[in-house]
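Taking it in order: structure first as structure tokens, then the write-up.
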Amino acid sequence: MTETSVRVRFAPSPTGYLHIGGARTALFNFLYARNTGGKFLLRIEDTDTERSSRAMIQQILDSLKWLGLDPDETPVLQSENIHKHKEAVKKLLEEGKAYRCFCSKEVLDAERDRANKENRSYRYSGQCRNLTEQQILQNLQENRPYTVRIRIPEEGLTRFKDMVFKNIEIQNREIDDFIIMRSDGTPVYQLAVVVDDASMRITHIIRGEDHLPNTAKQIHLYLALGYPVPRFAHVPLILAPDGKRLSKRHGATSVGEFKDMGFIPDGFINGLVHLGWGVQGNQTVFTRDDLIRLFKLQDISKKGAVFDIKKMIWINGQHLSLKTAEELYTAVTSVWIKAGLLDEEKIESEKLRITEAIDLLKSRMKLLNDFVEFGRYIFVDPVSYDPAAIEQRWTNQSVPVLIEAYAESLKTLTPFTAEALEDSLRNVAESHHENAAILIHAVRLAVTGFSVSPGLFRLLAFLGRETVLQRLNNSLEYIKSNNVILRG
RNA sequence: GUCCCGUUCGUCUAGUGGUCAGGACUCAGGACUUUCAUUCCUGCAACAGGGGUUCGACUCCCCUACGGGAUACCA
């Protein structure tokens, strides 16, 4: 790769869990890097020590790992770069591109309040913009606290071409001489990002639309510091169903919660990518490789997207059927273990059998947790039967007779295969002058407890003679002892 | 308030001057002489409003409305 090769970063602040919005930003960065053969980096913006925590950093790292969005280089901690930030401020000060501001916070706040009350837009008065050497010296000698402000040109226009939002123009007079270093000597975010992105040699900044208005400010910093200005791509925000911005306080769900719901990474990512990205054609389900191949920043929409969990679940189901039972093995067995249906040893000892069970079920599942709810009967006899199904499938008076006859025939059936099981069932039905469907439904309910399941005969073959006979007998008993009303 | 941005079916989106405005989710029907939670088919449903420009606007321009973001010694 040449030195112009793409370097992008995801820069979360560890003040909370990684949620859907952050995950999507990380994903877009990752896809862009992979699509262009560039590097995907991670920087933790932990300068707000009050709100940041180690635990949160770990959570974010874990979530990214689960999503398969591993950074290509060691993650950078912003807090470790403070000396660089301070140096940059010093340099700006020396070159006169920034200046010390001795106005107190109280005075500033009061001015802002007044402006708001009078419905004027607030701007810094510029009090300290042109202090003389003399005045500055005197203030310093008096030990008056100061912040440092960047000097923004009073005239002119700042413009840049956003890769999503196209041409953006902002009048310089709209940009305040914003603070880049606090009175306690710590640099402010706006300065820190610019210095960090430059030192990480970031070529493309892909981030949320909420940073769009910050961009002009940052461009002035790049210019003042003599750094090359990177390209920007702002992605629209994700909205809650009421159209409001999705936030921690308002409907945002952490990545961990989606994992717990039973999403698999590829399904989740595919769902995520539809929030603000679309490509010509009718494809909805994309593998990771598809996305890497097709992803273009130009195809990101400018409109905020409302998050739709139903579609997300459907997409996850598509991925579940797309994957092989082997690929799903670890994920599915772990939910089964958690549900107490399996234990660790069997994962190894019954690998073949479990793989077959997954294969039987997977095309009908939407979330991993469905394997527990709808896959129970793979491991244990039904302890109850769906009441609606009882009403529908067991109330025919010939049901007990049919089940009994079928059970009888299964005692000696060889081989115990799907084909043989089906032939046998049809024979039983026919010899009793009944429709095979009646028996099929009755048996399914007996064996699974549900009115729905994978193909019945394959399932019976899988469960084996002993289990099937046991469950058929159980059902007979249930029908008898619970006085299931029989009608002709 | 000011600045910036946006507005195609309920939702996610395709569409860049001439299309019956396409697809997906959801929902409703139907098919698969075995169920559906799989699969397939069918149906419902959209260019925010008003002005221009043009032979012709969802597509270009302006205005209005609505929505979002930003306006911190937070990130």
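Just so we're on the same page: letters track the sequence lines, and every chain starts at 1. Side-chain atoms are counted along with the backbone in the values below, which use heavy atoms only and exclude waters and symmetry mates.
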- Has the side chain of A:D162 got a donor or acceptor atom that lies under 3.5 Å from a matching backbone atom of A:H234? yes
- Task: Would you indicate what A:L439 reaches in the nucleic acid, counting non-hydrogen atoms under 4.0 angstrom: base, sugar-phosphate, or nothing?
- Result: nothing
- Item | Between B:C4 (C1') and A:H234 (NE2): distance, integer Å | 11 Å
- Pick base, sugar-phosphate or nothing for A:L237, based on heavy-atom distances below 4.0 Å to the nucleic acid. sugar-phosphate
- Message: If you count heavy atoms of other groups shown closer than 6.0 angstrom to CD of A:Q283, is the number above 12?
- Response: yes
- Message: Nearest to the side chain of A:Q318, heavy atoms from C-beta on, is which of B:A70, B:U39, B:A37?
- Response: B:U39
- Item | Length of the line joining A:F160:CZ and B:C3:C1', which is rounded to integer Å | 13 Å
- Report the relative orientation of the aromatic rings in A:F307 and A:F258; use parallel for angles under 30°, tilted for 30 to 60°, perpendicular for over 60°. perpendicular
- Message: Regarding A:Y189 and A:N214, do their side chains bring together a donor and an acceptor under 3.5 Å, going by distance alone?
- Response: no
- Rounded distance in Å between the P positions of B:G49 and B:C9: 10 Å
- Does a side-chain N or O from A:K244 land closer than 4.0 Å to OP1 or OP2 of B:G68, or not? yes
- Ranking B:A75, B:C12, B:C5 by distance to the side chain of A:L212, first place goes to B:C5
- Sugar-phosphate, base or nothing in reach of A:M365, heavy atoms under 4.0 Å: base
- Task: Pick the C1' atom in B:A24 and in B:G15, then give their distance to the nearest Å.
- Result: 15 Å
- Item | For B:C73, the Watson-Crick or wobble counterpart (both distances under 3.5 Å) | none
- Item | A:H211 ring over B:A75 six-membered base ring, under 5.5 Å and 30° | yes
- Query: Backbone N or O of A:G449 within a donor-acceptor pair of the A:D386 side chain at under 3.5 Å?
  - Reply: no
- For the residue pair A:Y478 and A:W394, categorise the inter-ring angle as parallel (less than 30°), tilted (30 to 60°) or perpendicular (more than 60°). tilted
- Message: If we ignore hydrogens and angles and just use 3.5 Å, is the side chain of A:N316 paired with the main-chain N or O of A:K366 as donor and acceptor?
- Response: yes
- Message: Using atom P in both nucleotides, what's the gap between B:G30 and B:U16 to the nearest angstrom?
- Response: 38 Å
- Query: Counting only heavy atoms not in A:R112, do more than 12 fall under 6.0 Å of its CZ?
  - Reply: yes
- Taking the nucleotide of RNA chain B with the closest heavy atom to each, which residue, A:Q190 or A:K217, is nearer the 5' end? A:K217
- B:U64 versus B:G1 - spacing of their P atoms, nearest Å: 13 Å
- Task: May I ask you to say what A:S363 touches in the nucleic acid, namely base, sugar-phosphate or nothing, with a heavy-atom cut-off under 4.0 Å?
- Result: sugar-phosphate
- Message: Work out how far the C1' atom of B:A37 is from that of B:A48, and round it to whole angstrom.
- Response: 39 Å
- Query: What is the base-pairing partner of B:G67, counting Watson-Crick and G-U wobble geometry with both distances under 3.5 Å?
  - Reply: B:C5
- Task: Scan A:F307 against the nucleic acid and name what it touches under 4.0 Å (heavy atoms): base, sugar-phosphate only, or nothing.
- Result: nothing
- Query: Which part of the nucleic acid does A:G317 contact within heavy-atom distance under 4.0 Å: base, sugar-phosphate only, or nothing?
  - Reply: nothing
- Sugar-phosphate, base or nothing in reach of A:Y189, heavy atoms under 4.0 Å: base
- Item | Per-nucleotide protein contact string for nucleotides 18-36 of chain B, where B marks a base within reach and S marks sugar-phosphate only (heavy atoms under 4.0 Å, - for neither) | -----BBSS-------BBB
- Under a 3.5 Å limit on both distances, the Watson-Crick or wobble mate of B:A28 is B:U42
- Item | Rounded distance (Å) that lies between atom P of B:C73 and atom CZ of A:R100 | 19 Å
- Describe the nucleic acid contact of A:D176 in one word from base, sugar-phosphate, nothing, applying a heavy-atom distance below 4.0 Å. nothing
- Name the nucleic acid region contacted by A:I168, choosing base, sugar-phosphate or nothing; use a 4.0 angstrom heavy-atom cut-off, strictly under. sugar-phosphate
- Span that lies between the C1' atom of B:A75 and that of B:C36, in whole angstrom: 49 Å
- Could you tell me the separation between the NE2 atom of A:H319 and the C1' atom of B:A37, rounded to a whole number of Å? 18 Å
- Task: Go through A:F371 and A:I378 one step at a time and tell me if the side chain to side chain contact (heavy atoms under 4.5 Å, CB included) criterion holds.
- Result: CA-CA 10 Å; A:F371 281 91; A:I378 293 291; over 6 Å; no
- Can you tell me how far C1' in B:A46 sits from the matching atom in B:G51, rounded to whole Å? 23 Å
- Check whether NZ of the Lys or CZ of the Arg A:R149 lies under 6.0 Å from the centre of the six-membered ring of A:Y124 and within 45 degrees of that ring's axis. yes
- Between A:E174 (CD) and B:G1 (C1'), how many Å, whole number? 12 Å
- Message: At 4.0 Å (heavy atoms only), tell me whether A:E373 reaches a base, stays on the sugar-phosphate, or touches nothing.
- Response: nothing
- Taking atom C1' of B:C73 as reference, at what distance in whole Å does atom OH of A:Y99 sit? 14 Å
- Query: How close or far is atom P of B:A75 from atom CG of A:L191, stated in whole angstroms?
  - Reply: 11 Å
Can you tabulate the close N/O pairs, meaning under 3.5 Å, that link protein atoms to atoms of nucleotides 57-66 of chain B?
none

- Message: Regarding A:R123, tell me which of base, sugar-phosphate or nothing describes its non-hydrogen contacts under 4.0 Å with the strands shown.
- Response: nothing
- Task: Check whether any side-chain nitrogen or oxygen of A:R245 sits under 4.0 Å from OP1 or OP2 of B:A70, and answer yes or no.
- Result: yes
- Message: Is it the case that the side chain of A:W277 and the backbone of A:F295 share a donor-acceptor pair, with hydrogens and angles ignored and the cut-off at 3.5 Å?
- Response: no
- Message: Distance check, C1' atoms only: B:A28 and B:C20, in whole angstrom units.
- Response: 23 Å
- Partners passing side chain to side chain donor-acceptor pair (under 3.5 Å) against A:Q190 (at least two apart in sequence or in another chain): A:Q218
- Message: Between the side chains of A:E87 and A:K91, is the shortest nitrogen-to-carboxylate-oxygen separation below 4.0 Å, so that they form an ion pair?
- Response: no
- Quick one: is A:Q218 getting a side-chain N or O under 4.0 Å of the B:A70 phosphate, OP1 or OP2? no
- Task: For B:C60, give its Watson-Crick or G-U wobble partner with both distances under 3.5 Å, or none.
- Result: B:G52
- Looking across every strand, which nucleic acid part, if any, lies under 4.0 Å from A:K105 by heavy atom: base, sugar-phosphate, or nothing? base
- Whole-Å gap separating C1' (B:C3) and OH (A:Y124): 21 Å
- Task: Let me know, please, whether A:I170 or A:Q280 comes out on the 5' side of the other along RNA chain B by nearest nucleotide.
- Result: A:I170
